[in-house]
Number of protein chains: 2
Amino acid sequence: MNLRELAQNLGLSQTTVSRALNGYPEVNEATRARVVQAAEQHNYRPNTRAKGLATGRAMAIGHVIPMSKQHEMVNPVFGDFIAGAGETYSRNGYDMVLSLVEDGQEEKTYRDLRGKGAVDGLIVHGPKSGDARIAMLDDLGVPFVVHGRASAVTTPYAWLDVNNRKAFQRATDFLLDLGHRRIALINGLEELDFASRRRAGYEEALTARGLPVTPDYLHSDEMTERYGYDTVRHLLDSDAAPTAFLVSSMITAIGVRRAIEERGLRMGRDISVITHDDALSYFKNGEEAPIFTATCSSVREAGRQAAQMLLERIANPHLPPPNRLLEAQLVVGGSTGPAPTSRTD
Amino acid sequence: MNLRELAQNLGLSQTTVSRALNGYPEVNEATRARVVQAAEQHNYRPNTRAKGLATGRAMAIGHVIPMSKQHEMVNPVFGDFIAGAGETYSRNGYDMVLSLVEDGQEEKTYRDLRGKGAVDGLIVHGPKSGDARIAMLDDLGVPFVVHGRASAVTTPYAWLDVNNRKAFQRATDFLLDLGHRRIALINGLEELDFASRRRAGYEEALTARGLPVTPDYLHSDEMTERYGYDTVRHLLDSDAAPTAFLVSSMITAIGVRRAIEERGLRMGRDISVITHDDALSYFKNGEEAPIFTATCSSVREAGRQAAQMLLERIANPHLPPPNRLLEAQLVVGGSTGPAPTSRTD
DNA sequence: AAGTCCATCCAAAGCGCTTTGGAAATGATT
DNA sequence: AATCATTTCCAAAGCGCTTTGGATGGACTT
């Protein structure tokens, strides 16, 4: 059933039917009711492609998900982020088109998506510090919102981010207050902006107390379970084994815990762990008694808000690009405790 | 830059330019080369909507991801499944459109997606035993492939599934061989077809040896970490505590491990655990020495293949619907061992 | 020299919708 | 009764592409 048939059926012109369905005022309410009812009855849905052609809007938002070539890995936070964004889209009649792309190929995909006219706007995932995509998208004139930031980019652009620096600074401070002095950072890939900000927060907290940053304690890799396990296992073997770990992802923290418990040690008593927690739905940290002390920030909520920002930006392209900084909560759980011996080394 | 402008630029008709770019034979190779070069130089990309309107094909596949209302949870396997499917799509010039929908609302979304003409085909996720969507999609005449099966549906339809029954039967047998007699099943929601098949395999193995199925050992819920933890914690408190657990998801198995270790017990020595492992990229079970004994089947590969099946089905709608049954590997890891006391109770 | 056949190109219709620029009918105003 | 403003509707153009049904001209036959 298409518009022409529906109009014929009703003995009306396409114009009137179209207007009736799209809520234009120049149509009699009685007529409109008739049209709406007929449309429903015939299960009529306007063809997106035709509508898009006519209006010049795709009613779709593009998400380009980077996929690590190395581990064939898709960051698990995307699932939740997209779930949040999807809520906003479906409330507003937008579709979501997804492309999974190998690391570094993202630019071409953005170009394609826009060139083809497949999307009205884009969400940029996993920004690097001086991410080239931002300039490119500005250049293309596509509305976009970055999930995260690109510290080295100075031109204004729309972003939504968690205050990663502050979160990790506070977490480090918390560990320092507990007497820990040998704190290792099990970070994500530091080419990613969020990871470098977390590191900055960590280092800031240390230097604020006049403590040195020990290179041996700094680790950076893709946030798999295995990475957490291997790294901590190795670190616990070293001469000056850390008494505390600051971890960038829940998944990695699981590996960290595995390495600790394998040693017969207990989290919160022998070794302290703080992890960042994106509040993934299938991996709740626990409400009443969280397993991990964690810096919490719901990535799903971030998805909701980023999508909202993007839709507003599409509606008002001339407004200055909006920014939003979400603060992470430092939630105390069972994985932290006073340093075993509170000497300052 | 659109086709008309490009054609004007070249002093050719739109027809010729279109044909040149789409590889039709009735155009001089020299002309084609000129056209291709100009298109590249001007960064020309045909407008998908216009192309779609003209051809009647959307060049897009729809995925409708069910989202549990209860836990706001998106099953983490979707990320990997979609990553696999995405590979196939991008190789074939298809886009992927994603809708996240609350449990039970899926039907309407399928209808919409098809009615709007937004997609050429659909992947059906999370089928229930007598899933109504299959009849509906058949009715709508949309090509589709089900990831999983709907046991109660008797009409032929296209599906790709893991042999869940056999996998869990073998896993149960394996535990029985090790002398375990009190084996609990920590299953997913049994309204989902895969879960009921797993249960069937489990029960089959027990009854084949003349062993009873103990209702207290049967558990079914959304596969969160917490669910595994809570359930096992509770079971270990009971009079006839199980000596082995058969778990439906890696994430849940993490919770199971947590509960076990919290008791001061050790997996593989005091308690045996087998889990199904979807080979999620960020949560590898470990190559050389797997943590868990597991029934392994890559959901990413499933995505790749399901997408391939769908594209072929779109190309040849009259062929009988294809089916594919993947076998899971039973990989022995460190989480299983002989039953503590090998008496048969 | 006339007819035939390719190879190469083009004009125009059509995909299903929105939207512009009226037209017809109705009711209010003089 | 004539005029005017409103309301309500419509015909047709246009969005950017594909595709049908020729047109054109050169090479080849006969």
Side-chain angles (χ1 to χ4, degrees), chain A residues 1-39 42-60 93-95 112-120, chain B residues 1-36 38-40 42-60 93-95 112-120:
Chain A
M1 171 70 50
N2 61 23
L3 188 67
R4 193 167 42 102
E5 291 162 13
L6 184 65
Q8 262 164 8
N9 243 313
L10 283 159
L12 290 169
S13 75
Q14 293 192 37
T15 311
T16 305
V17 176
S18 168
R19 286 187 161 148
L21 293 174
N22 290 312
Y24 282 71
E26 54 268 76
V27 44
N28 192 315
E29 279 310 321
T31 314
R32 188 195 305 278
R34 229 171 35 113
V35 170
V36 166
Q37 205 224 318
H42 290 97
N43 236 304
Y44 168 75
R45 275 172 192 67
N47 183 299
T48 346
R49 295 191 299 271
K51 191 165 184 159
L53 234 205
T55 58
R57 308 155 82 344
M59 292 308 278
Y94 277 79
D95 284 336
D112 281 1
L113 237 38
R114 180 53 173 189
K116 291 193 300 183
V119 300
D120 296 325
Chain B
M1 169 72 49
N2 61 22
L3 188 68
R4 192 166 44 102
E5 290 163 14
L6 184 64
Q8 262 164 7
N9 243 313
L10 283 158
L12 290 169
S13 76
Q14 293 192 37
T15 312
T16 304
V17 175
S18 168
R19 288 189 160 148
L21 293 174
N22 290 314
Y24 282 72
E26 55 268 76
V27 45
N28 194 314
E29 280 309 321
T31 314
R32 189 195 305 280
R34 238 178 24 136
V35 171
V36 167
E40 226 154 71
H42 289 97
N43 236 305
Y44 168 75
R45 275 174 192 65
N47 183 299
T48 345
R49 294 191 299 271
K51 192 165 184 159
L53 233 206
T55 58
R57 310 156 75 352
M59 292 308 280
Y94 277 79
D95 284 336
D112 281 1
L113 236 37
R114 179 53 173 189
K116 291 192 301 183
V119 300
D120 296 323

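Note that the coordinates shown come from a computational prediction; the quantities given were computed from them, not determined experimentally. Below, chain A is the first sequence line, B the second, and so on; all start at residue 1.
Contact annotation: the side chain of B:N9 approaches that of B:H42 to within less than 4.5 Å [non-hydrogen atoms, C-beta and beyond]. B:R32 is not listed as a side-chain neighbour of B:V35, based on a closest heavy-atom distance of 4.5 Å or more. Contact annotation: the side chain of B:L6 never approaches that of B:Q14 to less than 4.5 Å [non-hydrogen atoms, C-beta and beyond].
Heavy atoms of B:R19 sit under 4.0 angstrom from at least one base atom. Heavy atoms of B:T15 sit under 4.0 angstrom from at least one base atom.
Closest to the side chain of A:T16, out of C:dT18, D:dC17, D:dC9, is D:dC9. Proximity note for B:S18 (side chain, C-beta onward) versus D:dT19, D:dC10, D:dC15: the nearest is D:dT19. Out of C:dC17, C:dC9, D:dC17, the shortest distance to the side chain of B:E26 is found at C:dC9.
Note on A:N28: a side-chain N or O is less than 4.0 Å away from OP1 or OP2 of D:dT8. At C:dC15, none of the side-chain N or O atoms of A:N47 fall inside 4.0 Å of OP1 or OP2 (strictly under the cut-off). Contact check, B:Y24 against D:dT19: a side-chain N or O comes under 4.0 Å of OP1 or OP2. At the phosphate of C:dG16, neither OP1 nor OP2 sits under 4.0 Å from any side-chain N or O atom of A:Y44.
The nearest whole Å value for the distance from the CG atom in A:L3 to the C1' atom in D:dC10 is 13 Å. Across the protein-nucleic acid pair, B:R57 atom CZ and D:dC17 atom P stand 18 Å apart, rounded to whole Å. The distance between atom CG of B:N2 and atom C1' of D:dG14, rounded to the nearest whole Å, is 12 Å. Nucleotide C:dT18 holds its P atom 13 Å from the CZ atom of B:R49, rounded to whole Å. Summarising the geometry, the separation between CD on B:Q8 and P on D:dG16 is reported as 12 Å, rounded to the nearest angstrom. Rounded to whole angstrom, the span from the CG atom of A:L12 across to the P atom of D:dT7 amounts to 19 Å. Rounded to whole Å, atom C1' of C:dA7 lies 13 Å from atom CZ of B:R32. One atom, NZ of B:K116, and another, P of C:dC17, lie 13 Å apart when rounded to the nearest Å.
Residues B:T16 and B:S13 have side chains that bring a donor and an acceptor to within less than 3.5 angstrom of each other.
Taking for each of A:T55 and B:L53 the nucleotide of DNA chain C with the nearest heavy atom, the 5'-most of the two is the partner of B:L53. Comparing A:M1 and B:V27 along DNA chain C, the residue whose closest nucleotide (by nearest heavy atom) sits nearer the 5' end is B:V27.
Within 6.0 Å of CD in A:Q8 there are more than 12 heavy atoms belonging to other residues, nucleotides or ligands.
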